There are 2 protein chains.
Amino acid sequence: MALLGPDADPQGNPAPDPLTKARLRMWLRMLKSTRRVEQVLRERLRREFDSTLPRFDVMAALARFDDGLKMSALSGVLRVSNGNVTGIVDRLAEEGLVVRVQVPGDRRASLVRLTRKGQEVFARQAAAHEAWINELLDDFTPEEARIFSDRFDAVPHNEEETP
Amino acid sequence: MALLGPDADPQGNPAPDPLTKARLRMWLRMLKSTRRVEQVLRERLRREFDSTLPRFDVMAALARFDDGLKMSALSGVLRVSNGNVTGIVDRLAEEGLVVRVQVPGDRRASLVRLTRKGQEVFARQAAAHEAWINELLDDFTPEEARIFSDRFDAVPHNEEETP
């Protein structure tokens, strides 16, 4: 999606700041590229694994914690809403990929963790995901990939702007 | 979100390919940065303009076409579903920011276009959006921003993978 700022039209507005424009263009390309890659990942996860990006994200988060994660922590990791995470976890549990375990000393809290089968399924998906990314970004040399990784850290962390 | 591929754990798996890992890391940072910026934009659009990113995207698309866009073209431009676009356009129309106009010779099709008020509101939002991006990416020099913009074009375009 290309965006026209208000000073992009020749209506007598002040001349655009070339630096501002360069950053805006960078952002729009970055957004577009990210969406393109996500779209390909979405399609391939569906086709090859009958799965989805949010399911993959949930399993990826769980794969990092052998002891499991609370639902609240899990939804904090993801961009999807709490409600969606619950639905995804329910479905993964039905398929035997995750299990809910009681938290000792807290009757109301439970942890979610990958089952053995879940670990195996995720390992295959993660390997495929890594190969897809390698293919999609194969125009980037290792050096470039390293520089880009480092420079992205310059993007500020989430502000706490909620009222 | 950090991802552990299956060869990231010391379980006797094959040694990771450093190039593949560099690209995976680049992708994860790129995704995280994009989401961070989107999160800030979302919060500021809400706070300053009582608006949302999908509304902004719809108005941005319309701002590029003085004669208006068909609903199908509009939803093609956006990542949101057709249903969402319809809801957004309904709401923008109620607020007097867009108007539906009949397509001559096609009774069933209508075009959506910004009203004069919609153009003015969007011009203010686009100026703010541009200033926010300039601030959020202010760690990038113009030269870097230009290089990054060009290199993002190396990310392949959408495949047509739908079955």
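All chains are named by letter (A, B, ...) in the order of the sequence lines, taking the proteins before the strands, and each is independently numbered beginning at 1. These numbers come from a predicted model, not from an experiment.
Between A:Asp150 and B:Arg29 there is a side-chain heavy-atom pair separated by less than 4.5 Å. The shortest side-chain heavy-atom distance between A:Asn134 and B:Leu24 does not fall under the 4.5 Å cut-off. Under the 4.5 Å side-chain criterion, counting only non-hydrogen atoms from C-beta, B:Ser33 is in contact with A:Met30. The closest side-chain heavy-atom distance from A:Trp27 to B:Leu41 is below 4.5 Å. A:Arg35 has its side chain out of reach of B:Thr34: every pair of non-hydrogen atoms, C-beta onward, lies at least 4.5 Å apart.
Residues satisfying the side-chain contact (heavy atoms from CB on, under 4.5 Å) test with B:Ile147, not counting sequence neighbours, are B:Glu143, B:Arg151. With sequence neighbours left out, the side-chain contact (heavy atoms from CB on, under 4.5 Å) criterion links B:Asp90 to B:Thr86, B:Arg100.
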Going through the distances and angles, do B:Arg23 and A:Leu136 end up as a side-chain contact (heavy atoms from CB on, under 4.5 Å)? CA-CA 9 Å; B:Arg23 288 188 184 128; A:Leu136 291 165; over 6 Å; no
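A:Met26 CE to B:Ile133 CD1: the interatomic distance, rounded to the nearest 0.5 Å, is 9.5 Å. One finds the NZ atom of A:Lys21 at 13.5 Å from the CZ atom of B:Arg146 (value rounded to the nearest 0.5 Å). B:Asp57 CG to A:Leu31 CG: the interatomic distance, rounded to the nearest 0.5 Å, is 7.5 Å.
No more than 12 heavy atoms of other residues, nucleotides or ligands sit less than 6.0 Å from atom CG of A:Asp50. For B:Asp67, the CG atom counts as loosely surrounded, since its 6.0 Å shell holds 12 or fewer non-hydrogen atoms of other residues, nucleotides or ligands.
Follow the hydrophobic side-chain contacts under 4.5 Å out from B:Val99 and you never reach B:Val121; the two are in separate clusters. Under the 4.5 Å side-chain heavy-atom criterion for grouping Ile, Leu, Val, Met, Phe, Trp and Tyr, B:Leu19 is not connected to A:Phe140 through any hydrophobic cluster. The same ILVMFWY cluster, assembled from side-chain heavy atoms under 4.5 Å apart, contains both A:Val101 and A:Val103. Side-chain heavy atoms closer than 4.5 Å link hydrophobic residues (I, L, V, M, F, W, Y) into clusters, and following such links, even through other members, never connects A:Leu111 to A:Leu114.
Ring planes of B:Phe152 and A:Phe148: perpendicular class, angle over 60° (limits at 30 and 60°).
For A:Ala22 against B:Ser149, the heavy-atom pair with the smallest separation is O-OG, 4.1 Å.
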